[in-house]
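A short worksheet on the structure shown next.
Fair warning: this is a prediction, and the values are worked out from it, not measured in the lab. Quick note: numbers below take in every heavy atom, side chains included, and nothing from hydrogens, waters or symmetry partners. Below, chains carry the letters A, B, ... as their sequence lines are ordered, and counting in each starts from 1.
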Protein chains: 2
Amino acid sequence: MSDRVFINDVAARDGFQIEARWIETADKIAFIDRLSATGLAKIEATSFTSPKAIPNLADAADVMRGIRRAADVVYVALIPNAKGVERALDACTDELNFVMSASDSHGRANLRMTADQSLARFADMVRAAEGTSARLNASISTAFGCPFEGTVPAARVLEIVDRIEDLGIAGVTLCDTTGVANPLQVAALCEAVHERHPRIRLTLHPHNTRGMGLANALAAWQVGVRHFDAALGGLGGCPYAPGASGNICTEDLVHMFECMGVSTGVDLDALIATSETLPELIGHDVPGQVVKAGKADRRYPLPAAVAERQ
Amino acid sequence: MSDRVFINDVAARDGFQIEARWIETADKIAFIDRLSATGLAKIEATSFTSPKAIPNLADAADVMRGIRRAADVVYVALIPNAKGVERALDACTDELNFVMSASDSHGRANLRMTADQSLARFADMVRAAEGTSARLNASISTAFGCPFEGTVPAARVLEIVDRIEDLGIAGVTLCDTTGVANPLQVAALCEAVHERHPRIRLTLHPHNTRGMGLANALAAWQVGVRHFDAALGGLGGCPYAPGASGNICTEDLVHMFECMGVSTGVDLDALIATSETLPELIGHDVPGQVVKAGKADRRYPLPAAVAERQ
């Protein structure tokens, strides 16, 4: 049970995309370079979406080309369409993360596409990436529930995973976009995907909107999930999902696993030090807790008055 | 696995005790009366400590006498010594919650007593309560780790539970005072207590200092723990434990269990409505998340522009 977990930090994409303040390209690159040195398995560095849709990430190609590549880190970008595939490949992106919604209402709001339309587009995108060494992953938004439609049946998600696997995409990420999933639901859906798709590389992308983020990560880990998305500082949200708030916090997730004796490959001190740079970078405080409280093994001196009484 | 859980709200004690602002006795009573109507199993209403040590709860007797008793709610008070037992019994307290620390350094800082000294005092307190109908519980602070000493060995906690049971105290609460416990540690210690003390009523008192609060509650539930301490809004901390921050948030805990199909007996809407009164009562925002995001089944209307495009 204690084999290593693999963490994908999505702060530079899922976090920066909704920040009110423009973050300079050089600052994004410096931030990602610093993250690269912490031992994370993956970094979702940017999104090759239309600059009109996500102005904050209009510099996607410059960021992807500008970062220093660490040997063991997979650099990911979110990709909405075949043009995005071309731009991402041109910028030497290691992994292309296609995105769709399990619920048609959220798909229409976020991507102007139903699930069927997204899957048809995925086919074009797979073709556009053919013959390259890029890894492919598909993220399924609202996999546990939709802010417009409510519950999303597990059967629908499983059917979508069927179709993703049929397209030859090797990885699937189940996204709890608005933080509505509960631990039993997470465990059940992840187990069902593992059972039906034993070869799919399954990632969980929890949000902490209702405080259940780490509990959901724990529940997924208990049923064998070893890949997690998280955002440094707990940044994130979704511009087209009302009520969405931050991703689970990368350093809090790493801290929990390391406390449990589960290796993450991450230098937690370096990760915390990087998180400490966020408030200045984005201009506001972040929800992460370990960065404020210190690690669980933090020790304090006994107050002088108490020591004297002994 | 889905049998009911029992939740003890400690906001009026663990929360109010560290607030900067004095809360009027009438306001405390109104708050507890409102909580009483939500279906909680227990309410820790106050603490019969020295008013010099905890000035915020100097009105303990007035609060305990002033509240309206709901038939199904057990009203608890924290008790530090035999004089506290008398005062609490005099005010018709249902359950006396004795408190000690597993680590001597925290015991000295918080209570001016080592664990041995606390256990000797517990014997006096049990005698003082003899022949009354009051239920007895003992809370063990720093049961998972101490801010001064670091890790507290499980063997030490188990030995303390032995001695508590020998005193005839029926309930034990394991407190993660500074939020250092991790889910595997929580599960292991709770299982060990259950195994060694099958008749002890075991409660977990998690703090969310490092974001692991609900994950720890989940882990405890998975090994059969059915009693939890939590504070409305996520109030709380410990005045003598540096780095301690809020208890787990009652409404977030109830929400998680209810989403999991685990009954709490609590009217979540009434609980959330009560939590919404906290910022005005205490003069600042609270860390609870469900009160901000709404329940997981919250639905939003599809944006007009999206609806039009269909």
- Message: For A:Glu251, which atoms come within 4.5 Å of any heavy atom of chain B: side chain, backbone, both, or neither?
- Response: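 Answer is neither: A:Glu251 stays 4.5 Å or more from chain B.
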- Message: Run the salt bridge (charged side-chain N to carboxylate O under 4.0 Å, His left out) test against B:Asp297 and tell me which residues pass, sequence neighbours left out.
- Response: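 Per chain and number, B:Asp297 pairs via salt bridge (charged side-chain N to carboxylate O under 4.0 Å, His left out) with no residue.
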- Query: Does anything in residues 269-278 of chain B pair up under salt bridge (Lys or Arg N to Asp or Glu O under 4.0 Å), and if so which pairs, sequence neighbours excluded?
  - Reply: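 Every salt bridge (Lys or Arg N to Asp or Glu O under 4.0 Å) pair that includes a residue of residues 269-278 of chain B, provided the two are not neighbours, is B:Asp269-B:Lys295.
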Does [Y] offer a backbone N or O that forms a donor-acceptor pair with the side chain of [X] under 3.5 Å?
X	Y	answer
B:Arg299	A:Pro147	no
B:Gln185	A:Met260	no
B:Asn182	A:Met256	no
A:Arg210	B:Ala293	yes

Would you name the heavy atoms of [X] and [Y] that are closest together and state the gap between them?
X	Y	value
B:Ala296	A:Val180	O-CG1, 3.5 Å
A:Ala109	B:Val306	CA-CG2, 3.7 Å
B:Phe148	A:Tyr300	CD2-O, 3.4 Å

- Query: Can you tell me how far the CZ atom of A:Arg298 sits from the OG1 atom of B:Thr209, to the nearest 0.5 Å?
  - Reply: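 Going from the CZ atom of A:Arg298 to the OG1 atom of B:Thr209 covers 11.5 Å.
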- Query: In terms of heavy-atom proximity below 4.5 Å to chain A, should B:Asn216 be classed as side chain, backbone, both, or neither?
  - Reply: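 For B:Asn216, neither part sits under 4.5 Å from chain A.
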- Task: Evaluate the side-chain proximity of B:Met212 to A:Gln289: yes if any heavy-atom separation is below 4.5 Å, no if none is.
- Result: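 Counting from C-beta outward, A:Gln289 and B:Met212 never come under 4.5 Å.
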- Message: For the interface with chain A, which of B:Leu214, B:Asp252, B:Ile248 has the highest count of heavy-atom pairs at distances below 4.5 Å?
- Response: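 Of the candidates given, the most pairs with chain A belong to B:Leu214.
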- Of the listed residues (A:Ala217, A:Gly294, A:Gly288, A:Ala215), which shares the most heavy-atom pairs with chain B below a 4.5 Å separation?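 Highest number of heavy-atom pairs under 4.5 Å: A:Ala215.
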